[in-house]
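Just so it is clear, the model here is predicted, and its values are computed rather than measured. Chain letters run A, B, ... following the sequence lines, proteins first and then strands; every chain starts at 1.
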Protein chains: 2
Amino acid sequence: MLKKLHTPRPVDLAADGIRDEILSGRIAPGERLPPERKLAETLGINRQTLRAALARLQAEGLVEPRQGSGITVLNWRETAGVSLLPHLVAAGDLTLLEPFLRLRRAITAEIVASACKRVTDQELDERDQMANTLVSETDLDRLAKGNIAFSRRLVQLTENLPIELLFNTFAAIYASREDLQAAMLRNPDTLRAVFPAIVGLLRQRQPEMARQIVLQVLTSLDENLVAATRAKPDL
Amino acid sequence: MLKKLHTPRPVDLAADGIRDEILSGRIAPGERLPPERKLAETLGINRQTLRAALARLQAEGLVEPRQGSGITVLNWRETAGVSLLPHLVAAGDLTLLEPFLRLRRAITAEIVASACKRVTDQELDERDQMANTLVSETDLDRLAKGNIAFSRRLVQLTENLPIELLFNTFAAIYASREDLQAAMLRNPDTLRAVFPAIVGLLRQRQPEMARQIVLQVLTSLDENLVAATRAKPDL
DNA sequence: ATTGGTTGAATGGTATAACCAATTTGGAGG
DNA sequence: CCTCCAAATTGGTTATACCATTCAACCAAT
């Protein structure tokens with residue numbers, strides 16, 4: 001049940017390669033990529049395959065082609081969307097961890113606060129049961145999966161589609177780097193303690209108080225995580 | 001200086017068409033798209049062009065092709081990223097406004113709180129000057145642009161790349177629907193009053209207090225905006 | 001010399017056809 | 001009924017040609 005390690009596809013190699021050129025700054029914003037025909041020859045792939053790769057980069061907000069003119073490299077810090085985040089963390093930039101966690105806990109606080117307003121008694125019981133199952137979960141892999149599932153259910157409670165989509169991007173980040181998830185599971189007890197705590201907050205139905213508590217608690221947890229990864233840079 | 005209204009390109013039409021089919025639910029998650037060859041013929045375009053359109057949808061997390069098997073439609077509520085948001089609001093779903101604003105103000109509060117910790121005296125003076133310019137700005141278009149610029153500068157203060165990227169997505173939404181931005185400018189005075197208020201919060205350098213105030217104020221403003229758009233559904 | 005339009009090259013967008021690679025399907029053989 | 005293999009199905013890639021847009025060089029008229 002290991003990862004597929006099929007021969008990497010040309011389109012993936014091309015997209016990753018060009019993306020790396022842009023993100024590293026070796027191709028500056030405002031510059032233009034070589035013409036497709038030339039670039040394809042350089043990369044040793046067909047022009048159509050190259051175009052497929054370029055389509056991805058365009059969707060990510062890194063480049064903008066213009067017929068007759070060329071393909072200009074955009075200033076991705078001002079044009080790229082959150083979809084770029086998984087690629088950035090995949091590149092291994094550890095300084096992204098702290099900012100990312102900061103964003104995540106702001107969102108999480110909003111989620112819990114919003115859920116406080118909408119949660120029904122039935123939902124409360126279901127989450128309570130789910131939390132009880134998770135606190136006694138010993139298998140770390142299932143604990144991680146349960147964490148995602150619990151969080152997603154919480155998100156769905158808010159009936160906030162934009163937040164749901166943002167959560168999906170977060171989940172994609174975890175998926176792209178298992179080591180990140182592993183780091184979060186370094187001391188599983190703290191994670192296990194989170195679920196009942198959240199249920200307790202939901203039960204009180206005091207949104208703003210819940211928001212502040214979540215912010216406080218997560219800030220403390222995240223600081224530990226950052227410190228731990230700094231000590232062990234193998235993440 | 002109007003919009004280019006060149007003949008819409010086949011790849012755009014195809015991508016938008018298929019995306020709409022998926023988002024509207026006419027193609028259910030788990031189902032498979034017709035084979036590329038057949039679908040291309042149906043749409044009256046070439047297979048390569050169709051593949052370019054499919055590449056976008058894949059980047060957005062709507063479909064997942066598998067060689068030999070077919071192209072399966074994903075459950076986009078669980079797989080799509082925030083990059084889908086502009087397309088959703090472009091589709092005209094007004095119920096998205098309130099959730100979106102809720103997310104936006106949670107982020108904004110985090111931005112201001114984070115900026116409180118990092119702002120330098122020099123930055124403070126520059127933002128103060130910028131705010132003073134904006135409060136007396138009468139041209140609505142320039143006010144809107146100044147708003148974006150002011151906000152972006154604030155985001156950059158946080159030195160939080162994930163939040164920067166998220167902000168870019170928000171900016172893309174405004175760009176995709178000018179009417180949304182117009183709605184926010186309906187009573188410009190409230191917007192103009194925001195800039196000095198934020199500078200005042202930065203000056204106090206009390207992050208958590210700033211967060212709560214921003215949340216309170218924006219909640220009030222956003223409620224008015226939602227109510228206004230409900231009254232005038234022309235947004 | 002400046003302005004204006006024209007022409008041609010450069011470059012991204014689309015079309016057609018063929019072949020490769022992974023998957024699925026269905027029948028032969030046990 | 002099960003297993004296994006071969007053919008059909010389907011996405012991935014290559015090759016080639018042509019269309020549409022942009023831009024620069026050039027030329028002519030003022």
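- Nearest to the side-chain atoms of A:R66 among the listed nucleotides D:dT22, C:dG12, D:dT14 stands D:dT22.
- Residues from residues 68-76 of chain A that place a heavy atom under 4.0 Å from any atom of DNA chain C, listed by number: A:G68, A:S69, A:G70, A:I71.
- At the phosphate of C:dG13, OP1 or OP2 sits under 4.0 Å from a side-chain N or O atom of A:R51.
- Partners of A:R19 by salt bridge (charged side-chain N to carboxylate O under 4.0 Å, His left out), not counting sequence neighbours, listed by chain and number: A:D16, A:E60.
- Partners of A:R104 under the side-chain hydrogen bond (donor to acceptor under 3.5 Å, both in side chains) rule, at least two apart in sequence or in another chain, are A:Y174.
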Check nucleotides 5-7 of chain D against the protein and report each pair of N or O atoms closer than 3.5 Å, with its distance, or say if there are none.
none

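- Residue-to-nucleotide contacts include no donor-acceptor pair under 3.5 Å from the side chain of B:R9 to the base of C:dG12.
- A:S151 places a side-chain N or O within 3.5 Å of a backbone atom of A:N147 that can act as its donor or acceptor partner.
- B:F195 is linked by a ring-ring contact (aromatic ring centres under 6.0 Å, His included) to B:F150, counting only residues two or more places apart in sequence or in another chain.
- Partners of A:E159 under the salt bridge (charged side-chain N to carboxylate O under 4.0 Å, His left out) rule, at least two apart in sequence or in another chain, are A:R118.
- Checking D:dG12, C:dA15, C:dG13 against every side-chain atom of B:R47, the shortest atom distance belongs to D:dG12.
- Residues that satisfy the salt bridge (charged side-chain N to carboxylate O under 4.0 Å, His left out) test with B:E21, not counting sequence neighbours, are B:R26.
- Residues satisfying the salt bridge (charged side-chain N to carboxylate O under 4.0 Å, His left out) criterion with B:D12, sequence neighbours excluded, are B:R56.
- Side-chain proximity of A:Q67 to the nucleotides D:dT13, D:dT21, D:dG11 is greatest for D:dT21.
- From B:L154, atom CG reaches atom CZ of B:R127 across 8.0 Å, with rounding to the nearest 0.5 Å.
- Side-chain N/O atoms of B:Q48 and base N/O atoms of D:dT14 include a donor-acceptor pair closer than 3.5 Å.
- Only B:E36, B:R37, listed by number, bring a heavy atom of residues 36-45 of chain B to less than 4.0 angstrom from any atom of DNA chain D.
- Under the ring-ring contact (aromatic ring centres under 6.0 Å, His included) criterion, B:F170 pairs with B:F100, sequence neighbours left out.
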Donor-acceptor pairs are to be reported for all side-chain atoms of residues 71-78 of chain A against protein atoms at under 3.5 Å, with residues two or more places apart or in another chain.
| unit_1 | atom_1 | unit_2 | atom_2 | d |
| --- | --- | --- | --- | --- |
| A:T72 | OG1 | A:E64 | O | 3.2 |
| A:R77 | NH1 | B:E164 | OE1 | 3.4 |
| A:R77 | NH1 | B:E164 | OE2 | 2.8 |

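- Taking a pair to require two hydrogen-bonding distances under 3.5 Å in either a Watson-Crick or a G-U wobble arrangement, D:dT9 pairs with C:dA22.
- Nearest nucleotide to the side chain of A:T49, out of D:dT13, C:dG13, C:dA15: D:dT13.
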Side chains of residues 27-39 of chain A: which donor-acceptor pairs under 3.5 Å do they make with residues two or more places apart or in other chains?
| unit_1 | atom_1 | unit_2 | atom_2 | d |
| --- | --- | --- | --- | --- |
| A:R32 | NH1 | A:S69 | O | 3.0 |
| A:E36 | OE1 | A:R47 | NE | 2.9 |
| A:E36 | OE1 | A:R47 | NH2 | 3.1 |
| A:E36 | OE1 | A:R51 | NH1 | 3.3 |
| A:E36 | OE2 | A:R51 | NH1 | 3.0 |

